[in-house]
Amino acid sequence: MLTDKVEKALNGQINAELYSAYLYLAMAAHFEQGDLPGFANWMRVQAQEEQFHAMKIYDFILERGGKIVLSAIEAPASTWKSPVDVLKATLEHEQKVTGLINDLVYLARDQKDNATEIFLQWFVNEQVEEEDSASKILGQLKMIEGSPQALFLLDRELGQRIFTPPAAEGAA
Ligand code: FEO
């Protein structure tokens with residue numbers, strides 16, 4: 001059984017993950033319109049990952065006999081000044097999500113809910129990767145600023161990303 005507080009907070013995290021998916025879809029569209037299809041692809045995959053995160057929490061709530069209560073998803077921004085700005089916003093967003101996940105861990109601990117605390121460890125690790133990948137692309141973008149050729153090559157590289165759901169044992 002989940003306590004009311006943990007159930008409410010996990011439902012809130014479903015909303016935060018779906019908002020993340022919305023944000024990355026908005027960024028994907030922004031890149032499509034800016035003729036950077038590789039960056040757009042990277043953002044589309046990012047949005048798929050976020051939906052996966054939301055469903056992972058959704059399934060966990062149900063598995064624990066909890067109630068799913070979905071709430072309205074805030075509208076994301078739709079334009080950014082430059083690719084660097086988009087990746088800055090991505091990194092800042094992931095840092096914010098890391099904070100949310102940490103707060104959830106502290107709440108689960110406070111509520112003596114070991115199962116939720118252990119479940120959340122997957123997200124703790126995932127956030128390390130999320131911040132790292134956004135930070136790497138941001139670093140590369142800053143390095144190549146002013147070089148359309150290098151931007152073209154980075155775009156090609158980001159176009160290779162595909163969504164691979166984590167292995168069954170990691171997704172349990
Ligand atoms: Fe669901 Fe990007 O963290």
Side-chain angles (χ1 to χ4, degrees), residues 2 6-32 36 38-64 66 68-78 80 83-108 113 115-141 154 157-172:
L2 296 168
V6 171
E7 184 183 88
K8 192 167 179 235
L10 287 172
N11 271 296
Q13 193 59 31
I14 292 179
N15 184 282
E17 300 292 344
L18 291 175
Y19 170 76
S20 304
Y22 244 35
L23 175 65
Y24 295 136
L25 282 178
M27 289 174 170
H30 172 80
F31 280 129
E32 293 280 2
L36 287 169
F39 279 86
N41 172 68
W42 194 91
M43 287 297 176
R44 279 177 189 245
V45 173
Q46 194 68 9
Q48 283 178 288
E49 279 199 357
E50 300 302 353
Q51 289 172 64
F52 178 86
H53 296 167
M55 290 312 295
K56 196 170 164 68
I57 300 167
Y58 179 102
D59 287 338
F60 179 75
I61 293 175
L62 292 175
E63 209 179 351
R64 297 288 307 280
I68 300 289
V69 182
L70 298 175
S71 48
I73 301 167
E74 196 190 321
S78 57
W80 289 264
V84 166
D85 263 10
V86 181
L87 267 295
K88 263 189 199 162
T90 302
L91 180 58
E92 276 164 21
H93 181 68
E94 289 302 335
Q95 286 165 339
K96 192 173 138 198
V97 173
T98 300
L100 294 176
I101 297 290
N102 286 338
D103 287 346
L104 275 172
V105 171
Y106 306 142
L107 177 67
D113 183 345
T116 298
E117 192 181 336
I118 291 166
F119 166 75
L120 290 168
Q121 295 311 305
W122 185 89
F123 286 87
V124 171
N125 291 328
E126 178 71 2
Q127 283 312 119
V128 173
E129 266 182 48
E130 291 279 74
E131 285 191 34
D132 183 53
S133 51
S135 162
K136 277 189 178 133
I137 301 172
L138 178 59
Q140 286 170 337
L141 270 173
L154 181 57
E157 187 189 319
L158 297 180
Q160 306 298 313
R161 187 184 189 197
I162 49 166
F163 174 64
T164 35
E169 66 271 22

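Order of appearance sets the numbers: ligands from 1, and atoms from 1 within every ligand.
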Metal proximity, Glu130 vs atom 2 (Fe) of ligand 1, N/O/S cut-off 2.8 Å: yes
N, O or S atom within Glu50 nearest to atom 1 (Fe) of ligand 1, by name: OE1
Glu17 side chain to Gln13 side chain, donor-acceptor N/O pair below 3.5 angstrom: yes
Atom of Glu17 closest to atom 1 (Fe) of ligand 1, considering N, O or S atoms: OE1
Glu94: its N/O/S atom lying closest to atom 2 (Fe) of ligand 1 (atom name): OE2
Heteroatom test (N, O or S) for Glu126 near atom 2 (Fe) of ligand 1, limit 2.8 Å: no
His93 and Tyr24 aromatic ring geometry - parallel, tilted or perpendicular at 30°/60° bounds: perpendicular
Glu49 and Arg161 ion-paired at < 4.0 Å: yes
Rounded distance [0.5 Å steps], CD in Glu50 versus CD in Glu94: 5.5 Å
His53, N/O/S atom nearest atom 1 (Fe) of ligand 1: ND1
Aromatic ring pairing Phe52/Trp122, orientation class (parallel under 30°, perpendicular over 60°, tilted between): tilted
